[in-house]
Amino acid sequence: RRPRADGLTLFLGRGMPCLPLPGVLLVSRPAAVPDLLRFVAQHGPEVAVLAARDAKLAYARAAQLLHLSQSPSAFEQAARPGAEPDESAGLRARSAGFCSQPDFCDPSAKIAAGSRFGPGVVVGPGTRIGAFCEIGANSVIGANVTLGNRVRIGPLSSIGHAPFDFAWSGTSWLPLPGLAGVTVADDVTLGARVTVAAGCARPTTIGAGCKLDDAVHVGHDALIGAHSVMAAGAMLAGYVHIGRACKIGGMAAVAEGVAVADRVMITATSSVSTDITRAGERVASGWPAMPARQWWRLVAHVRRLTARNG
């Protein structure tokens, strides 16, 4: 979702549920018509194309007209305070506060054998949960979420809720629906109070073996490479791409659309606003984020100036 040199801005999604086609391509400022026609010819029936002066706004308006919103469904209504779980809930086998089925589960959801759920867990429509997963108490697994095998999620987490992505109509903000959902690969661990927003154009994806600490936020359409780790309070904005085996310190923030190469370490409280393209960069520190050596040289220079000037 970035401007290209030819003046063509693409907003490409694939595998989006509830749409008549498996993908949608939004085109703003279609100056490069040959490139657009070549793209459509290549993908054929796999994509729908929407060309407009502001394609994102046009998509938001179309979503409203088609009622493609993430309004509360029946399973969410049932999970509201004061609602009573079904009568069979008390008959389920429980172990250390967990049971083999969530208290509130949409009929269209699929749960593999061996998974267990804490009290008050909600599972939304179209969701797939792999084998031997563990979902902590009062967590919400929204619509169109796919969890791999052996995924562990702490209590009070929200996976697949509506994204914070809006288009300005001139008078108000129109929400973009998170129809692409969330994909979490095998052997991922998410701590307590982790939030992962559903994707608008592509599934928000967490790669295999990733470990996310408590209170981590992953924005819509973000991609996290396999075996990356994020400490408590770290935040990724929408459309961020984190490489494989990265380490992100506590309270660090990565701005919208930023790409981070493989094996990068981002130290605690850093603010990353530009791409980090060098794989294996030792750390990115400070505000704005910069390579660690550059940061410490800057700190030393400031200290020398302070000492010199009293």
With side-chain contact (heavy atoms from CB on, under 4.5 Å) as the criterion, how do C200 and L179 come out once you've worked through the C-alpha distance, each side chain's angles and the decisive distance to 0.1 Å? CA-CA 6 Å; C200 296; L179 303 178; over 6 Å; no

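- Within the 4.5 Å cutoff, side-chain heavy atoms of I129 are placed close to those of F117.
- Residues N149 and V151 are not in side-chain contact: their nearest non-hydrogen atoms beyond the backbone lie 4.5 Å or more apart.
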Test D103 against V121 for side-chain contact (heavy atoms from CB on, under 4.5 Å), laying out the working first. CA-CA 6 Å; D103 285 346; V121 170; 6.0 Å; no

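- No donor-acceptor pair under 3.5 Å is formed between the side chain of D213 and the backbone N or O of A231.
- Taking OG of S270 as the reference point, atom CE of M265 lies at 11.0 Å (rounded to 0.5 Å).
- Residue V258 is grouped with residue I266 when hydrophobic side chains (ILVMFWY) are merged at heavy-atom distances under 4.5 angstrom, including chains of intermediate members.
- Looking at S228, its side chain does come within 3.5 Å of a backbone N or O of A245 through a donor-acceptor pair.
- In R244, the CZ atom is not crowded: 12 or fewer heavy atoms of neighbouring residues, nucleotides or ligands sit closer than 6.0 Å.
- Remark: the backbone N or O of R202 is paired with a side-chain donor or acceptor of D221 at under 3.5 angstrom.
- Partner I159 forms a side-chain contact (heavy atoms from CB on, under 4.5 Å) with one of V218, V196, I206 and no other, that one being V196.
- Enclosure of atom CZ in F166 by more than 12 non-hydrogen atoms of other residues, nucleotides or ligands within 6.0 angstrom is indicated.
- Cluster membership check: V145 does not share its hydrophobic cluster with L156, using side-chain heavy-atom separations under 4.5 Å among Ile, Leu, Val, Met, Phe, Trp and Tyr.
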Output, in order, the C-alpha distance, side-chain angles, deciding distance and verdict of side-chain hydrogen bond (donor to acceptor under 3.5 Å, both in side chains) for D106 and S108. CA-CA 5 Å; D106 188 271; S108 64; 2.5 Å; yes

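- Using a 4.5 Å cut-off on side-chain heavy atoms (C-beta onward), P155 and N138 make no contact.
- Separation of atoms CZ (R308) and CZ (R303) is listed at 15.5 Å; rounding is to 0.5 Å.
- Within the 3.5 Å criterion, the main-chain N or O of T183 finds no donor-acceptor partner in the side chain of T146.
- Considering all non-hydrogen atoms of both residues, S139 and G154 come closest at OG-O, 2.9 Å.
- A 4.5 Å side-chain heavy-atom check between F98 and I135 finds every atom pair outside the cut-off.
- Taking a 6.0 Å sphere around NZ of K247, one finds it holds 12 or fewer heavy atoms contributed by other residues, nucleotides or ligands.
- Residues D165 and Y239 form a side-chain contact, since some pair of their non-hydrogen atoms from C-beta on lies under 4.5 Å apart.
- The shortest non-hydrogen separation linking V188 to G209 is CG2-N, 3.9 Å.
- Hydrophobic clustering of Ile, Leu, Val, Met, Phe, Trp and Tyr side chains at less than 4.5 Å, counting indirect connections, keeps M235 apart from L212.
- Side-chain contact, T195 with H217: a donor N or O sits under 3.5 Å from an acceptor N or O.
- The shortest side-chain heavy-atom distance between V182 and N144 does not fall under the 4.5 Å cut-off.
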Taking it one step at a time, do L223 and I242 satisfy side-chain contact (heavy atoms from CB on, under 4.5 Å)? CA-CA 6 Å; L223 303 177; I242 302 296; over 6 Å; no

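- For the pair T204 (side chain) and A197 (backbone), a donor-acceptor distance under 3.5 Å is present.
- Legend: salt bridge (Lys or Arg N to Asp or Glu O under 4.0 Å) pairs involving residues 263-274, not counting sequence neighbours: none detected.
- Placement of W168 and F164 within a single hydrophobic cluster is found when ILVMFWY residues are connected by side-chain heavy-atom separations under 4.5 Å, directly or transitively.
- To the nearest 0.5 angstrom, D214 atom CG is 12.5 Å from M230 atom CE.
- Judged by distance alone, with hydrogens and angles left aside, the side-chain atoms of D186 form no donor-acceptor pair with the main-chain N or O of G148 at under 3.5 Å.
- Using a 4.5 Å heavy-atom cutoff, the side chains of V260 and H241 are not in contact.
- Atom-to-atom distance recorded for E256:CD and S273:OG is 13.0 Å, nearest 0.5 angstrom.
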Could you go step by step and tell me if V194 and I153 meet the side-chain contact (heavy atoms from CB on, under 4.5 Å) rule? CA-CA 8 Å; V194 169; I153 300 176; over 6 Å; no

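- Between D187 and R150 there is a salt bridge, with a side-chain nitrogen of the basic residue lying less than 4.0 Å from a carboxylate oxygen of the acidic one.
- To the nearest 0.5 Å, the span separating CG on L147 from CZ on R128 amounts to 11.5 Å.
- S115 and A131 get closest at one heavy-atom pair: OG-C, 3.7 Å.
- Here the closest heavy-atom approach between residue D275 and residue A259 is recorded as OD1-N, 2.9 Å.
- Of all heavy-atom pairs spanning A234 and I248, the tightest one is CB-CG2, 4.0 Å.
- Heavy atoms only, all atoms of each residue included: A237 and A255 are closest at CB-C, 3.7 Å.
- In this structure, P102 and I111 have side chains that are in contact, with non-hydrogen atoms separated by less than 4.5 Å.
- Without hydrogens or angle criteria, T205 side chain to P203 main chain gives a donor-acceptor distance under 3.5 Å.
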